[in-house]
Amino acid sequence: MEALENLGAHWVWIGIGLVLAALEVMVPGVYLIWLALAAIAAGLLTLMLGLGVAMQVVVFTVIAAATVYAAKRFLQDRPIREADPMMNKRLDRMVGETAVVVVAIDGGSGKIKVGDSEWIARGDDVAVGTRVRITGADGTDLLVEPA
């Protein structure tokens, strides 16, 4: 217990900063890193200047607000782009591909085979074995037209 009592306030701030930085890795988004930087900066300033508790909190708050504001402005001007915007949009990714009708599209609905999967398709009436082009998606249904 004495070890905790003798622990300097600067180590507490640095520890909080390191915990927040570690949490940033586990939590999606870019939020905690700015608070982590503010906590580490408050710890370093406390070590160098011997700040009191009230001033430590003020320093942390000001640095946190400044880093969050600067990051927000920076990311507004330079948004993070996905490497593949359609990565989790399987149906949109199929647009433009051709498929084979496996259950005749009759009355506007049937089934097509894309790769090794069968999908419900909607479009003009076509017979089994006809090649169709995927033009879009509506929910889990693929919209098709004769190829």
Verify same cluster id: [X], [Y] (apolar side-chain graph, 4.5 Å):
X: Met26; Y: Leu18; result: yes
X: Trp34; Y: Val62; result: no
X: Val101; Y: Leu143; result: no
X: Tyr69; Y: Leu75; result: no
X: Met55; Y: Trp11; result: no

Do the non-hydrogen side-chain atoms of [X] and [Y] ever get within less than 4.5 Å of each other?
X: Met94; Y: Trp119; answer: yes
X: Val102; Y: Val128; answer: no
X: Phe60; Y: Gln56; answer: no
X: Val144; Y: Ile105; answer: yes
X: Ile120; Y: Thr140; answer: no
X: Trp13; Y: Ile40; answer: no
X: Ile112; Y: Val103; answer: no

For residues [X] and [Y], report the shortest heavy-atom separation together with the two atoms involved.
X: Glu97; Y: Val114; result: OE1-CG1, 3.7 Å
X: Pro146; Y: Asp124; result: CD-OD2, 4.3 Å
X: Val95; Y: Gly136; result: CG2-CA, 3.7 Å
X: Val59; Y: Ala42; result: CG1-CA, 4.1 Å
X: Leu35; Y: Ala64; result: CD2-CB, 3.8 Å
X: Ala36; Y: Ala21; result: CB-N, 3.6 Å

Within this structure, what is the [atom1]-[atom2] distance for the pair [X] and [Y], rounded to the nearest 0.5 Å?
X: Lys72; Y: Thr67; atom1: NZ; atom2: OG1; answer: 13.5 Å
X: Ile134; Y: Asp92; atom1: CD1; atom2: CG; answer: 11.0 Å
X: Leu142; Y: Arg122; atom1: CG; atom2: CZ; answer: 10.0 Å
X: Leu20; Y: Leu32; atom1: CG; atom2: CG; answer: 6.0 Å
X: Leu45; Y: Ile63; atom1: CG; atom2: CD1; answer: 5.5 Å
X: Glu24; Y: Leu37; atom1: CD; atom2: CG; answer: 9.5 Å

Modelled atom types, side-chain donor and acceptor of Thr98 and Arg131, under 3.5 Å: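 Judged by distance alone, the side chains do pair up.
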Heavy-atom neighbours of Arg73 CZ exceed 12 at 6.0 Å: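 Result for CZ/Arg73: open.
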